[in-house]
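Contents: one structure, followed by commentary.
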Amino acid sequence: MIEKLKNPFRYLPLRQAICWGIVAMILTAVFCWQVGLRMTSITQVNYAGGALWKATVQQIVVWLLFSVILYVVGEMLSRSKIRFWDVAAFNLFARIPFDLTLLIFAIPTVRSVMGLAMDGNIARMMEHMNLLTIVGVVSLLFSVWYFYWSYKAFAESTNVKNGKGVVAFILSFVVTYLVSGYLLKFI
């Protein structure tokens, strides 16, 4: 059981990965729309809000962009035959921890404290140091989970592993982060 949680991609059928990933993406888009969050890069949000269709397009853009970059890198480095939909499905499923992280914004106190940060009112925000510490620790844990699963999804779907796989994944993420930040400005 623990092994399946550490690396679900070794055991997860492609159809289940894409189905769970699509459900998570839809729920995340609806949640972002309802709470007023807007994706500003692959792993960043702000309170700009927007229409449901914009929240959905933002989710699709960050998923497909990362999937395409991982696929291209996998094609260049892998000796195995890889398929785009394997990379895309596993990458979508691996986003679930990030999607779960966003649920912290469902707590009204967290939203108001983070809103203080958006308004530049750092002094008032610092009055809530205990809450910020908890949010920071929870976000860190879920981020580690997200990055770990994303790497495992990449490694399983492309057969690019170990040092070469880690470096390729990190570079792919950095490129995706920069490009998604640029593209999402237009949505």
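Nothing here was measured: the structure is a model prediction, and the numbers come from that model.
In this structure, L37 and N46 have side chains that are not in contact, with every pair of non-hydrogen atoms separated by 4.5 Å or more. No side-chain heavy atom of V166 sits less than 4.5 Å from a side-chain heavy atom of N162. Side-chain atoms of V61 and L184, non-hydrogen and from C-beta on, do get closer than 4.5 Å to each other. Side-chain contact between R38 and V45 is absent, with no heavy atoms from C-beta onward closer than 4.5 Å. For the pair L132 and M114, the minimum side-chain heavy-atom distance is below 4.5 Å. Residues F84 and V68 form a side-chain contact, since some pair of their non-hydrogen atoms from C-beta on lies under 4.5 Å apart. The shortest side-chain heavy-atom distance between M25 and R95 does not fall under the 4.5 Å cut-off. Under the 4.5 Å side-chain criterion, counting only non-hydrogen atoms from C-beta, F173 is not in contact with L70.
In this structure, Y146 and F98 have tilted ring planes: the angle between them lies in the 30° to 60° band. Relative orientation of the F169 and F154 rings is tilted, given thresholds of 30° and 60° on the angle between their planes. Taking the six-membered ring for Trp and thresholds of 30 and 60 degrees, W85 and W63 have ring planes inclined between 30 and 60 degrees apart.
Annotation: the span from T109 atom OG1 to H128 atom NE2 amounts to 8.5 Å, rounded to 0.5 Å. Annotation: the span from L52 atom CG to T56 atom OG1 amounts to 4.0 Å, rounded to 0.5 Å. To the nearest 0.5 Å, atom CZ of residue F147 and atom CD1 of residue I170 are 9.5 Å apart.
Follow the hydrophobic side-chain contacts under 4.5 Å out from L141 and you never reach F105; the two are in separate clusters. By the rule that hydrophobic residues join a cluster once side-chain heavy atoms approach within less than 4.5 Å of another member, L77 and Y151 end up as members of one cluster. Following chains of ILVMFWY side-chain contacts shorter than 4.5 Å, one can reach L12 starting from I96, so the two form part of one hydrophobic cluster. Residue V23 is not grouped with residue V62 when hydrophobic side chains (ILVMFWY) are merged at heavy-atom distances under 4.5 angstrom, including chains of intermediate members. Hydrophobic clustering (ILVMFWY, side-chain heavy atoms < 4.5 Å, transitive): L103 and V137 are in distinct clusters.
The side-chain contact (heavy atoms from CB on, under 4.5 Å) search around I134 returns V138, not counting sequence neighbours. Looking at residues two or more places apart in sequence or on another chain, you find no salt bridge (charged side-chain N to carboxylate O under 4.0 Å, His left out) involving R111. In this view, Q44 and T40, S41, Y177 satisfy the side-chain contact (heavy atoms from CB on, under 4.5 Å) rule, not counting sequence neighbours. Among residues two or more places apart in sequence or in another chain, the side-chain contact (heavy atoms from CB on, under 4.5 Å) test is passed with T28 by C32, Q59, D99, L102. Annotation: salt bridge (charged side-chain N to carboxylate O under 4.0 Å, His left out) contacts of R124 (sequence neighbours excluded): none.
Hydrophobic cluster membership for V167: L171 (Ile, Leu, Val, Met, Phe, Trp, Tyr linked by side-chain heavy atoms under 4.5 Å, directly or transitively). Taking Ile, Leu, Val, Met, Phe, Trp and Tyr as hydrophobic and joining them when side-chain heavy atoms fall under 4.5 Å apart, one finds V144 in a cluster with L140.
Checking side-chain atoms of S180 against main-chain N and O of I42 turns up a donor-acceptor pair under 3.5 Å. No donor-acceptor pair closer than 3.5 Å links the side chain of R79 to the backbone N or O of N159. Remark: the backbone N or O of S80 is paired with a side-chain donor or acceptor of S78 at under 3.5 angstrom.
Taking the six-membered ring for Trp and the full ring otherwise, Y148 and W145 have centroids separated by 6.0 Å or more.
Applying the salt bridge (charged side-chain N to carboxylate O under 4.0 Å, His left out) test to residues at least two apart or on different chains, the pairs with a partner in residues 9-26 are R10-E156. Among residues at least two apart or in separate chains, there is no salt bridge (charged side-chain N to carboxylate O under 4.0 Å, His left out) pair with a member in residues 130-152. Applying the ring pair (Phe, Tyr, Trp, His ring centres under 6.0 Å) test to residues at least two apart or on different chains, the pairs with a partner in residues 9-33 are F9-F90, F9-F93, F9-W149. Annotation: salt bridge (charged side-chain N to carboxylate O under 4.0 Å, His left out) contacts involving residues 130-141, sequence neighbours excluded, are absent. Annotation: salt bridge (charged side-chain N to carboxylate O under 4.0 Å, His left out) contacts involving residues 39-66, sequence neighbours excluded, are absent.
For the residue pair S157/D86, the side-chain donor-acceptor check at 3.5 Å is not satisfied.
A153 approaches A94 most closely through the heavy-atom pair CB-CB, 4.1 Å. Residues L14 and A89 come closest through the heavy atom pair CD1-CB, 3.2 Å.
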Starting from the C-alpha separation in whole Å, work towards a yes-or-no answer on side chain to side chain contact (heavy atoms under 4.5 Å, CB included) for V110 and V135. CA-CA 8 Å; V110 171; V135 168; 4.0 Å; yes

